Amino acid sequence: NGTITHFLAVKIDDTERKRAEEQLKLYTAKLERSNTIKDSLIGELQELKKKLEVSAKTDPLTGLNNRRGMMEKVDYEKLRFDRSKRPFAFIIGDIDHFKKINDTYGHDAGDFILCQVAHHFKDTLRGQDTICRWGGEEFFVLLPETDLNGAILLAEKLRARIEKEIFEHNNHTLRITMSFGLSIFDESYQDIDACIKRADECLYKAKASGRNRVVSCEEA
């Protein structure tokens, strides 16, 4: 008769659904933040890895290559030689009477001299050359695509520059000289270790002959 006698209601309790939606939003936000943090950490780890790789091949005092870094360059140069057959040269230089500097003026002065020598080496040699602190007061130079005459000229240029330089440290004037030995890696001499040893023997002869001189594998 058009008269309402009852009401029928169907009700759904969506409290749990809303709670789940809020939790989903919260977890999504946390995941986005964690992904951002993850990406940042990955970037930092990659950068740290690069720094560790560099530091493992670098002398901390002079900033030059260390022995490990140098030998990687030598191995690469050997591969290039296998293709091109172009010779390359090794120079080993040693600061004369370096112990006297440490004993007289202290190890700070010795470290200063090592850094200054490294600077003069970098400033004198060519862009393609590689320099390393071989150990103690010894420096090692790799000269790509260089014959004997070219190596002698570069070694003599280094020797003369170091000899004429005046170093000032803590109100002390220091003068030093260096001795050099060099060898050539070419088709007649194709063993890396033997070639390095040959340069070291030339250095020993330069020391024994009065120091402040260059001795090549042809003279030794």
Side-chain angles (χ1 to χ4, degrees), residues 49-95 113-165 176-206 212-220:
K49 183 181 178 181
K50 289 179 183 178
K51 289 180 179 179
L52 288 172
E53 288 174 350
V54 171
S55 65
K57 302 173 188 177
T58 304
D59 173 56
L61 176 64
T62 62
L64 299 177
N65 287 281
N66 60 17
R67 189 177 288 235
R68 176 182 172 184
M70 172 58 81
M71 290 313 297
E72 286 191 5
K73 302 287 187 180
V74 171
D75 290 341
Y76 173 79
E77 193 60 32
K78 172 62 167 60
L79 291 174
R80 188 159 66 172
F81 171 83
D82 291 340
R83 295 191 301 269
S84 68
K85 301 304 178 184
R86 294 176 180 174
F88 57 92
F90 295 135
I91 297 175
I92 301 180
D94 184 88
I95 301 174
I113 289 296
L114 289 170
C115 291
Q116 289 297 304
V117 168
H119 166 73
H120 285 296
F121 270 51
K122 288 187 287 187
D123 195 47
T124 303
L125 295 171
R126 307 165 302 179
Q128 69 265 34
D129 301 330
T130 302
I131 317 149
C132 92
R133 184 181 175 197
W134 195 237
E137 65 272 24
E138 281 191 350
F139 293 82
F140 186 99
V141 181
L142 167 64
L143 306 175
E145 299 185 2
T146 304
D147 60 15
L148 181 62
N149 290 333
I152 292 173
L153 286 173
L154 281 168
E156 183 57 35
K157 188 175 181 180
L158 285 169
R159 187 207 62 77
R161 176 165 180 168
I162 295 299
E163 181 185 27
K164 72 178 183 180
E165 189 66 28
I176 64 170
T177 59
M178 291 189 69
S179 301
F180 295 89
L182 63 89
S183 61
I184 298 296
F185 190 96
D186 57 20
E187 291 186 308
S188 64
Y189 208 84
Q190 296 189 30
D191 183 278
I192 291 293
D193 291 338
C195 196
I196 293 174
K197 183 179 179 182
R198 185 67 166 157
D200 195 56
E201 290 170 350
C202 292
L203 171 63
Y204 179 81
K205 183 172 181 180
N212 190 27
R213 64 192 63 213
V214 175
V215 173
S216 72
C217 51
E218 275 196 346
E219 303 171 68

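Everything numeric here is computed off the predicted structure, so don't read it as measured data.
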Please report the shortest heavy-atom distance between Ala151 and Ala89, naming the atom on each side.
CB-CB, 3.6 Å

Which is it for Glu163 and Arg159 under the salt bridge (Lys or Arg N to Asp or Glu O under 4.0 Å) test, yes or no, and what are the steps along the way?
CA-CA 6 Å; Glu163 181 185 27; Arg159 187 207 62 77; 3.0 Å; yes

Find out whether Met71 and Ile196 are in side-chain contact, i.e. whether some heavy atom of one side chain is under 4.5 Å from a heavy atom of the other.
yes

Suppose we screen for side-chain contact (heavy atoms from CB on, under 4.5 Å). Which residues come up paired with Lys157, at least two apart in sequence or across chains?
Thr124

Can you confirm whether more than 12 heavy atoms, excluding those of Lys164, are under 6.0 Å from its NZ atom?
no

dist Asp191:CG -> Arg198:CZ (nearest 0.5 Å) comes out at 13.0 Å

Please lay out, stage by stage, how Cys132 and Asn66 fare under the test side-chain contact (heavy atoms from CB on, under 4.5 Å).
CA-CA 5 Å; Cys132 92; Asn66 60 17; over 6 Å; no

Looking at side-chain heavy atoms only, is the closest gap between Asp129 and Leu142 below 4.5 Å?
no

Is there a salt bridge (Lys or Arg N to Asp or Glu O under 4.0 Å) between Glu187 and Lys85? Walk through the geometry before answering.
CA-CA 7 Å; Glu187 291 186 308; Lys85 301 304 178 184; 5.2 Å; no

Nearest 0.5 angstrom please: Arg213 CZ to Cys202 SG, how far?
13.5 Å

Heavy atoms of Ala206 and Ser179 approach each other most closely as CB-CB, 4.0 Å

For a quick test of reading the model, state the closest non-hydrogen atom pair linking Ile131 to Leu125 and the distance between them.
CG1-CD1, 3.6 Å

Minimum-distance pair of heavy atoms, taken over all atoms of Ser183 and Cys217:
CA-SG, 3.8 Å

At their closest point, which heavy atom of Met178 faces which heavy atom of Gly93, and how far apart are they?
CE-C, 3.6 Å

Tell me every residue that passes ring-ring contact (aromatic ring centres under 6.0 Å, His included) with Phe81, counting only those two or more places apart in sequence or in another chain.
Phe185

Let me confirm one number: the CD-NZ distance from Glu201 to Lys205, rounded to the nearest 0.5 Å.
11.0 Å

Could you tell me whether the side chain of Phe121 reaches within less than 4.5 Å of the side chain of Leu158, counting heavy atoms only?
yes

Taking atom CZ of Arg67 and atom CG of Asp59, what is their separation to the nearest 0.5 Å?
12.0 Å

For Pro144 versus Arg80, what's the shortest heavy-atom pair and its separation?
CB-NH2, 3.3 Å

Any side-chain heavy atom of Trp134 sitting closer than 4.5 Å to one from Met70?
yes

If you apply the rule side-chain contact (heavy atoms from CB on, under 4.5 Å), what do you find for Val117 with Phe139, and how did you get there?
CA-CA 9 Å; Val117 168; Phe139 293 82; 3.6 Å; yes

Side chain to side chain, Asn65 and Thr130, heavy atoms closer than 4.5 Å
yes

Which distance, rounded to the nearest 0.5 Å, do you find between the CG of Leu182 and the CG of Leu148?
6.5 Å

List the steps, then state whether side-chain contact (heavy atoms from CB on, under 4.5 Å) holds for Leu64 with Lys122.
CA-CA 9 Å; Leu64 299 177; Lys122 288 187 287 187; 3.8 Å; yes

Starting from the C-alpha separation in whole Å, work towards a yes-or-no answer on salt bridge (Lys or Arg N to Asp or Glu O under 4.0 Å) for Lys197 and Asp193.
CA-CA 6 Å; Lys197 183 179 179 182; Asp193 291 338; over 6 Å; no

Please list all pairs meeting side chain to side chain donor-acceptor pair (under 3.5 Å) that have one or both residues in residues 136-148, counting only residues at least two apart or in different chains.
Arg86-Glu145, Arg126-Thr146

Which one of Val141, Asp200, Ile184, Ile192 satisfies the side chain to side chain contact (heavy atoms under 4.5 Å, CB included) criterion with Phe90?
Ile192

Could you go through Ile91 and Leu143, starting from their C-alpha distance and side-chain angles, then the distance that decides it, and tell me whether this counts as side-chain contact (heavy atoms from CB on, under 4.5 Å)?
CA-CA 8 Å; Ile91 297 175; Leu143 306 175; 3.5 Å; yes

